[in-house]
Amino acid sequence: MRQLLITLFLSLSSYGLLYAAESDDYKEIDEGIASYTKYVAMHEKKITEVREALVKENSAEGRFRCNFRLYELYKAFVSDSAIFYLRTCIHEADEQGWRSEAARCRSLLAIRCSNIGMYHEAMEILDSVRADGIDTLSLGTYYSAYNNLYSEMQYYTTLYDMKEHYLEKAIHYEELMMRYLPEDDESCFLRRELRAQGERDFKAALAVNDEWLKSVEVGSHPYALVALYRYIEYKNLGDTEQMMHWLKESVLSDIRNAAMDQGSMWELANELMLRGDIDRASRYISFTSDCANRYGSRQRKWQISPLLSHIAKEYKEKSEQTTHQLWVTIAVISILALLLFGVLLFLHYRNKQLSVARNALKESNDELASANRQLASQTDELSALNSQLSTLNSQLSESSRVKDEYIGRFLSLCSQYVDKIDNYRKMVNKKMKNKELDELFQMSKSTELKERELDELFENFDNVFLHLFPNFVDDFNALLLPEAQVHPKEENRLTTEIRIFALIRLGIEDSSKIAEFLHYSVNTIYNYRARTKNGAVGNRERFEQEVKNLGHIQ
């Protein structure tokens with residue numbers, strides 16, 4: 001049972017971590033969708049500024065330029081408005097007799113119509129264009145419009161013979177378009193890339209895309225189109241990581257540019273559906289469906305409808321599967337609950353039996369223990385007393401030895417210091433009498449005397465301590481790791497670290513008292529103690545207690 005619960009917990013944890021990682025992958029897109037109204041408002045603000053400029057414009061050229069700018073802003077935003085402003089440009093160009101501009105705008109209008117499924121209207125518009133006498137760019141756009149129209153018709157027709165006919169027409173106008181448009185024109189890049197895709201040469205298509213990518217601004221709406229085709233190349237090359245990276249780049253660029261015509265979001269929803277992420281796919285396809293409705297593209301709606309139907313079907317199947325799993329889970333839980341209840345009843349019964357047996361056994365043990373205690377109490381008491389006496393005798397013997405040694409040394413040092421103080425008094429008196437005040441002042445400023453006396457004090461301390469505990473240094477290092485061991489440089493002398501623990505061995509544990517004796521700061525003593533304990537072989541918390549036990553008389 002315990003193993004089953006652990007397995008279940010680990011499975012749920014793994015699933016939770018996987019879901020969190022996947023959510024992070026789409027966090028920017030989710031945030032972009034949440035902020036989409038802000039991006040739309042920013043785009044509408046640009047439109048309003050151009051409209052205001054249009055109202056103030058008096059020249060025909062200025063009005064044409066403003067209307068064409070409005071067309072560009074509406075091109076991926078609202079199809080009907082884009083068509084309206086293109087028609088306004090055509091009207092203005094016709095009135096002014098600008099044949100090239102009028103032809104180019106009619107060609108762009110035909111492209112708009114063919115992109116949203118208005119093939120008949122696109123054909124009539126192109127038939128009305130007089131191609132003779134217009135500039136090269138407008139002529140290239142004119143052929144590009146024909147190529148776009150026949151490509152769309154070839155893609156969506158279900159009649160095989162018409163598909164072949166439209167394809168021939170599209171190729172014919174593609175050759176004419178490539179002849180007149182500049183090589184770095186978006187239509188030229190697109191057709192070159194599509195041609196390489198049609199030949200299944202995806203590396204060549206990717207090379208064209210690399211050139212195209214250099215000509216667009218990162219994050220712009222044209223960048224979204226380049227990223228979308230880059231996704232297609234990597235998808236066909238089998239590079240899943242790069243494929244999804246560029247698809248997300250395309251989606252984010254569409255969202256941040258308030259594009260309503262979103263082919264990349266539709267592709268992302270389709271990819272997510274194929275990977276089983278139905279919930280996210282449904283959210284994304286619903287979002288792009290709302291955008292398509294606002295844009296007014298019949299073609300995009302035709303693309304989205306089958307996917308919406310498929311997602312609805314997947315939802316239904318997933319719901320039925322979840323319901324089935326829920327009932328199975330409830331049944332399993334119910335069976336486990338009954339088994340658990342039976343186990344609890346059995347354990348309760350067995351506990352009562354064990355309690356009765358335990359009480360009887362306890363009574364017998366109590367009687368036997370009472371007899372044993374009476375028999376062994378005197379022996380134990382005597383043994384304990386002997387052990388205590390032996391320990392006390394050892395400690396008293398050691399304490400007496402240490403006390404005698406240190407009292408003798410203390411009295412000797414006191415006598416020496418009395419003599420040194422008297423000698424120093426005589427020297428000071430002599431120098432004062434001889435008026436050698438400057439020399440006396442310099443002597444009083446110097447710390448040499450103090451350092452010399454401290455060194456002598458430490459030397460005396462080291463000699464006495466090593467005399468009492470000759471094996472202390474070796475025993476102390478045995479408690480430390482090899483790299484943390486401390487070895488004195490001079491024989492019969494201790495280092496500062498060993499001197500600190502020598503004082504602890506003598507019973508002086510307070511860092512402030514140790515600092516006072518050794519003439520260091522309390523913080524320095526603390527650091528020495530901590531650093532040494534960190535190198536202990538065993539438990540660092542018991543290190544100082546083990547140091548206190550070094551050299552005990554057994």
**OP:** Step by step, work out the salt bridge (Lys or Arg N to Asp or Glu O under 4.0 Å) result for R230 and E233.
**Re:** CA-CA 5 Å; R230 200 168 183 83; E233 260 83 72; over 6 Å; no
**OP:** I would like to know whether D254 and S264 meet side chain to side chain donor-acceptor pair (under 3.5 Å); could you show each step before the answer?
**Re:** CA-CA 8 Å; D254 274 341; S264 53; 2.8 Å; yes
**OP:** Could you go through the side chain to side chain donor-acceptor pair (under 3.5 Å) check for S282 and D279 one step at a time?
**Re:** CA-CA 5 Å; S282 177; D279 293 336; over 6 Å; no
**OP:** Please step through side chain to side chain donor-acceptor pair (under 3.5 Å) for the pair H120 and E124, ending with a clear verdict.
**Re:** CA-CA 6 Å; H120 178 72; E124 287 195 351; 2.9 Å; yes
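Side-chain contact between Y119 and Y156 is present, with at least one heavy-atom pair separated by less than 4.5 Å. At least one side-chain heavy atom of K248 sits less than 4.5 Å from a side-chain heavy atom of Y26. M265 places a side-chain heavy atom less than 4.5 Å from the side chain of I33. Side-chain atoms of E186 and W212, non-hydrogen and from C-beta on, do get closer than 4.5 Å to each other. Side-chain atoms of R179 and L176, non-hydrogen and from C-beta on, do get closer than 4.5 Å to each other. Looking at I111 and S144, their side chains come closer than 4.5 Å, going by heavy atoms from C-beta outward. When side chains are defined from C-beta on, E544 counts as touching R529, because their heavy atoms get closer than 4.5 Å. Two residues are said to be in side-chain contact when any heavy atoms from C-beta on lie closer than 4.5 Å; Q96 and E101 fail this criterion.
Heavy-atom minimum distance, T141 versus S107: O-CB, 3.6 Å. Here the closest heavy-atom approach between residue Q197 and residue A205 is recorded as CG-CB, 4.0 Å. C105 and L86 make their closest contact through O-CD2, 3.9 Å (heavy atoms, listed as atom of the first residue, atom of the second, distance).
A donor-acceptor pair under 3.5 Å is formed between the side chain of S250 and the backbone N or O of A224. In terms of modelled atom types and a separation under 3.5 Å, the side chain of N67 and the main chain of R63 share a donor-acceptor contact. The backbone N or O of S253 sits less than 3.5 Å from a side-chain atom of N257, completing a donor-acceptor pair. Between the H43 side chain and the L73 main chain, a donor and an acceptor come within less than 3.5 Å of each other. Listed for the S355 side chain is no donor-acceptor partner under 3.5 Å among the backbone atoms of N351. With S59 contributing its side chain and G62 its backbone, the two residues share a donor-acceptor pair below 3.5 Å.
When the shell of 6.0 Å around CD of E61 is examined, it contains 12 or fewer heavy atoms from other residues, nucleotides or ligands. Surrounding OH of Y526 are at most 12 heavy atoms belonging to other residues, nucleotides or ligands under 6.0 Å away.
The residues K235 and E271 are annotated as salt-bridged, a charged nitrogen and a carboxylate oxygen being separated by less than 4.0 angstrom. Checked for salt-bridge contact, D30 and R280 meet the test: a charged N lies under 4.0 Å from a carboxylate O. One finds a salt bridge joining D94 and R106 here, because a Lys/Arg side-chain nitrogen approaches an Asp/Glu carboxylate oxygen to under 4.0 Å. With respect to the salt-bridge test (charged N to carboxylate O, under 4.0 angstrom), the residues D201 and R195 do not qualify. Taking 4.0 Å as the cut-off between side-chain N and carboxylate O, R192 and E183 do not count as a salt-bridged pair. In this structure, E49 does not pair ionically with K46, as no charged nitrogen and carboxylate oxygen lie closer than 4.0 Å.
Taking the six-membered ring where tryptophan is involved, the planes of Y74 and Y85 are essentially parallel, since the angle between them stays under 30° and well short of 60°. Between Y150 and H165, the ring planes lie perpendicular to each other; the angle is over 60°, past the 30° to 60° tilted range.
Y229 and W246 have their aromatic ring centers separated by at least 6.0 angstrom. The ring of Y39 has its center no closer than 6.0 angstrom to the ring center of Y36.
Counting only N and O atoms by type, the side chains of E267 and Y231 include a donor and acceptor under 3.5 Å apart. Looking only at atom types and distance, the side chain of Q353 has a donor-acceptor partner in the side chain of R350 under 3.5 Å away.
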